[in-house]
Protein chains: 2
Amino acid sequence: MAAGAARQRILDTAIDLFYRQGYRATGINLVIAESGVAKATLYEHFPSKDDLLAACVREMARREIAEMRQAVVPKTTARERFFAPFGILQPWFEASQFRGCPFQNIVAECPPDDPRVREAARQHRENFRALLREVSFDLLQEHPNPRGLDPTELADLYLVLYEGAIAVSVAYRDAWPVRRAIQTLEVILEAD
Amino acid sequence: MAAGAARQRILDTAIDLFYRQGYRATGINLVIAESGVAKATLYEHFPSKDDLLAACVREMARREIAEMRQAVVPKTTARERFFAPFGILQPWFEASQFRGCPFQNIVAECPPDDPRVREAARQHRENFRALLREVSFDLLQEHPNPRGLDPTELADLYLVLYEGAIAVSVAYRDAWPVRRAIQTLEVILEAD
DNA sequence: GTCTATAGCAGGATAGAC
DNA sequence: GTCTATCCTGCTATAGAC
């Protein structure tokens, strides 16, 4: 096996299992079995299960912000870029069977809280918020809105609607909250 | 101890511990120690830890919808009733140290999912949605809004904003998302 | 690096004395 | 009903042979 490949396989497997089954419900032995590495190899890369979790959360954050930017950048108009983040929700819901936001789930399960997990989750949400500020700024510059909503306010409202859409979609196992969130943003933005 | 008192003590303790520490992270022995009952007594009332969890979720749903109605009913104007549900968030955040929605947290932790837990959570959310429809209906009757938003749409949007406000407040350990959600509803409702 | 064995511990659940 | 002792299982983590 190539150098570093074992580490990647472990991370991929753990991210998948921790998300689908939960962190505490997933035994380290299952991670070992599914990733096909030896127990000693895993403990060489990650001295403890908590260390593995921390590495997983960081890797998840790295991937998700990359995916988000990839969805936004190619779009041509400011309006398309603005609504692009919603585009990744539908396919993700279907693929994940509505398991919800991985970061929220992980944080919910770690109350004495390894600070590394909380910090990675916080960092990721800040990155997302920054991206929302960018698309909000661009959109408001092109189409100034009569209510005088500034980009920061719009981005924060966006974030609330986005996270709410995820949470309620999980509860109902249906994507109608996403459509409702998008519709709300449209109403807020429409000139009056 | 009075009949049924032991059961209540166990439920109170378990609800508290499961919420603060998580379900899997909380040992049954801790529930026993904290509630001050004997192990046999607990297993008499709740044959397994999963049974105890199911009972907890049902009890939590019962209490929360009661609290919600209690916040809504005394208000005099339709507008006050409409915004009343947000009133319980701030004190709750402070008391719970932003641990988030109990139902979401529990569901996130139970992936093979005891159907009882999912069902109780679903039921509770339906009850909340029904309450939101009531206050939305009343408000729109008093102040018809020019966009022709119907009560069901308004209630669904409300739900998305409400859950989003909780989720983001947890992430930031601050209640600004609640204010943002309220402000959004005000904008949506304002005549134009 | 892999495989196997095992230490060490905690949790869920049961049984028996009172 | 309470209290204590205990079984069993599964987990994290380590050690040793190869």
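Not measured: the values here are computed from a predicted model. Chain naming here is simple, since letters A, B, ... match the order of the sequence lines and numbering starts at 1 in each.
- As rounded to whole Å, 15 Å separates atom P of dG1(C) from atom CD1 of I32(A).
- Looking at residues two or more places apart in sequence or on another chain, you find a side chain to side chain donor-acceptor pair (under 3.5 Å) between E163(B) and R125(B).
- Distance, E44(B) CD to dC3(D) P: 14 Å, rounded to whole Å.
- Applying the side-chain contact (heavy atoms from CB on, under 4.5 Å) test to Q70(A) and every residue at least two apart in sequence or in another chain returns nothing.
- For F83(B), the ring pair (Phe, Tyr, Trp, His ring centres under 6.0 Å) criterion is met by no residue, not counting sequence neighbours.
- Remark: K49(B) is positioned above the aromatic ring of Y23(B), its terminal NZ or CZ atom under 6.0 angstrom from the ring centre and at most 45 degrees off the axis.
- Atom NE2 of H45(B) and atom C1' of dA13(C) are 17 Å apart (whole Å).
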With sugar-phosphate taken as primed atoms, P, OP1 and OP2 and all else as base, the protein-contact string of nucleotides 7-18 of chain D at under 4.0 Å (heavy atoms; B, S, -) is -----BBB----
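- Applying the ring pair (Phe, Tyr, Trp, His ring centres under 6.0 Å) test to F93(B) and every residue at least two apart in sequence or in another chain returns F98(B).
- In this view, Q21(B) and T26(B) satisfy the side chain to side chain donor-acceptor pair (under 3.5 Å) rule, not counting sequence neighbours.
- L42(B) has its CG atom 10 Å from the P atom of dG12(C), to the nearest Å.
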